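Contents: one structure, followed by commentary.
Worth knowing before you read on, the calculation uses all heavy atoms, side chains too, and leaves out hydrogens, waters and symmetry mates. Keep in mind it's a predicted model, so treat the numbers as computed, not measured.
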Amino acid sequence: MYWISAFMIVALFIPIIIALISIPFLSRETVSFGVSVSEEMYHSPQLRRMRQQFAWISGTLYALLLLGCLYSLMNAGEEGQATVISIFITAVIVCSAAMNFAFYLRMKKTKASLPTAAQQSGKIAIDTRFRSKKITVSNRWFILHIAVMLISAILAITYYDQFPETIAMKYDWHGEVTRSVDKSLQAVLGPNLMQLVMIFLFMFMNWMILKSKQQIHPDHPELSAQRNALFRLRWSMFNVVSGMLITLLLSFIQLNMRYNLPGNVVFPITLLMPAIIIVMALVLSFTTGQGGRRIGRPSGAASATAVNDDRFWKLGFIYYNPDDPAMFVEKRMGIGWTINFARPAAWMIFAGILLLIFAAGHFAG
């Protein structure tokens with residue numbers, strides 16, 4: 001069973017590690033390690049070396065952590081494997097945060113050493129027709145997800161008597177049951193509640209993609225708007241597909257409650273779905289880039305200076321701008337969007353989502 005566990009760990013975490021290593025290569029060409037730069041500076045030999053150093057150092061650290069995790073799994077007992085995995089995940093998160101923070105400080109120091117002219121604010125472009133473009137798929141697509149959830153719930157209620165008196169709720173890395181509860185409607189319908197919450201979250205993310213602030217390059221605004229629209233559309237489609245995979249996974253978990261499938265069947269499938277989502281996200285990141293920077297290339301060289309709004313980005317990834325009415329903006333590090341922490345409504349939404357997830361998880365057991 002060790003080799004099955006090891007294979008699943010490698011299959012799940014290798015794409016995540018690749019994504020973490022690739023963060024500075026996927027950002028916009030006007031941002032380097034969370035600091036605004038000109039495109040000319042972004043492609044300079046100095047910053048190329050910084051990105052290469054980031055990749056080599058972080059890649060080495062993550063590889064050592066993964067090897068240490070696999071070695072520890074081989075020597076740990078069944079009860080200790082969950083602890084090993086938890087320590088490995090925590091170590092990866094800490095290393096990622098430390099690497100990004102270290103290179104953010106280094107980039108700030110590098111930018112401060114440049115001539116004053118190279119740090120001036122640049123132009124901003126706005127496309128007044130941007131919202132009329134097809135930048136997301138409709139939330140009506142989530143009707144399919146809701147249908148799967150309702151069918152699963154109806155079948156669970158209809159065949160409630162066929163569920164075992166004791167329902168497995170948690171498995172170890174060998175596929176053995178480590179926690180179970182007595183049969184109840186709360187336990188049986190728990191996956192359906194989680195489906196409903198996840199569907200809501202995916203619909204919210206789709207709405208966030210639609211409403212987020214536009215960022216258009218002033219030197220080639222039309223091409224930039226097209227690339228950004230396609231960037232949003234692709235991630236919106238990914239959002240719908242990954243939402244369906246999560247919904248199906250929760251239906252499978254509910255099915256397993258009824259039939260008590262073998263652990264060596266349940267464990268691979270429950271890891272396969274997230275692995276598929278991670279790989280899809282990785283492929284989409286490399287083919288699209290942040291803001292659509294990898295979709296086509298402008299015919300001429302850019303001459304506009306980057307917009308120097310570093311004062312609004314705390315530590316390079318926390319956006320706090322009380323004068324900006326936008327609630328959602330593109331992230332500076334990595335792919336995706338973040339909130340404007342200066343907007344009270346953003347805090348309320350963030351807190352509400354956390355509360356909803358906690359409440360649903362507590363109810364579902």
Side-chain angles (χ1 to χ4, degrees), residues 19 22-32 34-43 47 51 121-142 202-243 279-309 312-313 319 321 324-340:
S22 305
I23 286 176
F25 299 92
L26 301 176
S27 65
R28 283 180 175 266
E29 293 169 307
T30 53
V31 175
S32 178
V35 178
S36 61
V37 296
S38 66
E39 288 193 21
E40 180 181 5
M41 184 178 177
Y42 179 88
H43 292 289
L47 294 198
R51 290 192 291 273
S121 297
K123 299 181 295 183
I124 296 177
I126 299 294
D127 184 353
T128 57
R129 299 171 298 171
F130 185 75
R131 301 294 172 182
S132 64
K133 303 178 187 290
K134 185 174 179 58
I135 56 179
T136 61
V137 297
S138 171
N139 267 346
R140 287 193 291 269
W141 279 99
F142 288 98
F202 280 110
M203 292 179 69
F204 169 76
M205 286 189 287
N206 202 45
W207 177 76
M208 182 175 68
I209 294 172
L210 176 66
K211 296 297 183 179
S212 64
K213 182 180 179 179
Q214 63 169 291
Q215 289 184 236
I216 307 299
H217 199 293
D219 281 350
H220 32 80
E222 291 187 8
L223 176 60
S224 180
Q226 292 173 2
R227 294 164 73 184
N228 192 260
L230 188 54
F231 162 71
R232 296 181 190 227
L233 181 60
R234 288 183 180 181
W235 280 104
S236 175
M237 294 170 66
F238 166 82
N239 199 41
V240 173
V241 173
S242 57
V279 171
M280 287 195 307
L282 188 63
V283 171
L284 191 55
S285 297
F286 274 96
T287 56
T288 305
Q290 179 68 317
R293 61 157 288 191
R294 289 176 173 261
I295 304 174
R297 300 295 300 178
S299 56
S303 60
T305 306
V307 176
N308 193 353
D309 57 352
F312 299 125
W313 287 92
Y319 186 64
N321 185 358
D324 189 349
M327 193 154 37
F328 309 112
V329 296
E330 284 186 17
K331 293 166 60 177
R332 277 200 166 186
M333 293 185 178
I335 303 289
W337 295 263
T338 186
I339 63 175
N340 181 358

- [ ] Could you list the residues that satisfy side-chain contact (heavy atoms from CB on, under 4.5 Å) with Phe312, not counting sequence neighbours?
- [x] Asp309, Tyr319, Asn321
TODO: Kindly indicate whether the side chain of Phe286, heavy atoms from C-beta on, has any atom under 4.5 Å from the side chain of Leu26.
DONE: yes
Task: Phe202: ring-ring contact (aromatic ring centres under 6.0 Å, His included) partners, not counting sequence neighbours - done: none
TODO: Can you establish whether the number of heavy atoms outside Met237 located under 6.0 Å from its atom CE is more than 12?
DONE: no
Task: Which atom of Asn228 lies closest to which atom of Glu330, heavy atoms considered - done: ND2-OE2, 2.9 Å
- [ ] Quick one: closest heavy-atom pair of Tyr42 and Ser32, and the distance?
- [x] CD1-CB, 4.5 Å
- [ ] Only counting residues at least two apart or in another chain, list the ones meeting side-chain contact (heavy atoms from CB on, under 4.5 Å) with Val35.
- [x] Tyr104, Met107, Lys108, Lys111, Asp310
TODO: Please identify each residue that fulfils salt bridge (charged side-chain N to carboxylate O under 4.0 Å, His left out) with Lys213, with sequence neighbours left out.
DONE: Asp324
Task: Set of residues satisfying side-chain hydrogen bond (donor to acceptor under 3.5 Å, both in side chains) with respect to Trp337, sequence neighbours excluded - done: Ser212
Task: side-chain hydrogen bond (donor to acceptor under 3.5 Å, both in side chains) partners for Thr288, two or more places apart - done: Arg234
Task: CH2/Trp141: more than 12 non-hydrogen atoms of other groups inside 6.0 Å - done: no
Open item on the list: Using every non-hydrogen atom in the two residues, find where Ile23 and Gly334 come nearest and quote the distance to one decimal.
Closed with: CG2-N, 3.5 Å
Open item on the list: With side chain to side chain contact (heavy atoms under 4.5 Å, CB included) as the criterion, how do Arg232 and Gln214 come out once you've worked through the C-alpha distance, each side chain's angles and the decisive distance to 0.1 Å?
Closed with: CA-CA 10 Å; Arg232 296 181 190 227; Gln214 63 169 291; 4.0 Å; yes
Open item on the list: I want to check something: taking the side chain as every heavy atom from C-beta on, are Val31 and Met333 in contact at a cut-off of under 4.5 Å?
Closed with: no
Task: Spacing of Phe231 atom CZ and Gln290 atom CD [to the nearest 0.5 Å] - done: 4.5 Å
- [ ] Take Lys331 and Ser27 through the side chain to side chain contact (heavy atoms under 4.5 Å, CB included) test and state the conclusion after the steps.
- [x] CA-CA 9 Å; Lys331 293 166 60 177; Ser27 65; over 6 Å; no
TODO: Mind listing the closest non-hydrogen atom pair of Val37 and Met41 along with its distance?
DONE: CG1-SD, 3.8 Å
Task: Set of residues satisfying side-chain contact (heavy atoms from CB on, under 4.5 Å) with respect to Thr136, sequence neighbours excluded - done: Asn206, Ile209, Leu210, Ser236
TODO: List the atom of Glu29, the atom of His43, and the distance in Å for their closest heavy-atom pair.
DONE: OE2-NE2, 2.9 Å
- [ ] Might you point out which heavy atoms bring Val329 and Trp313 nearest each other, and give the distance in Å?
- [x] CG2-CH2, 3.9 Å
Open item on the list: Between Arg294 and Thr287 (side chain of the first, backbone of the second, donor and acceptor by atom type, cut-off under 3.5 Å), is there such a pair?
Closed with: no
Open item on the list: Among residues at least two apart in sequence or on other chains, which ones pass salt bridge (charged side-chain N to carboxylate O under 4.0 Å, His left out) with Arg51?
Closed with: none
Open item on the list: I'd like to check the ring-ring contact (aromatic ring centres under 6.0 Å, His included) partners of Phe238; sequence neighbours left out, ordered by chain and number.
Closed with: Trp235
Open item on the list: Going by side-chain contact (heavy atoms from CB on, under 4.5 Å), name the residues that satisfy it together with Ala229, two or more places apart in sequence or in a different chain.
Closed with: Phe130, Lys133, Ile135
- [ ] Find the distance between OG1 (Thr338) and CE (Met327) and round it off to the nearest 0.5 Å.
- [x] 12.5 Å
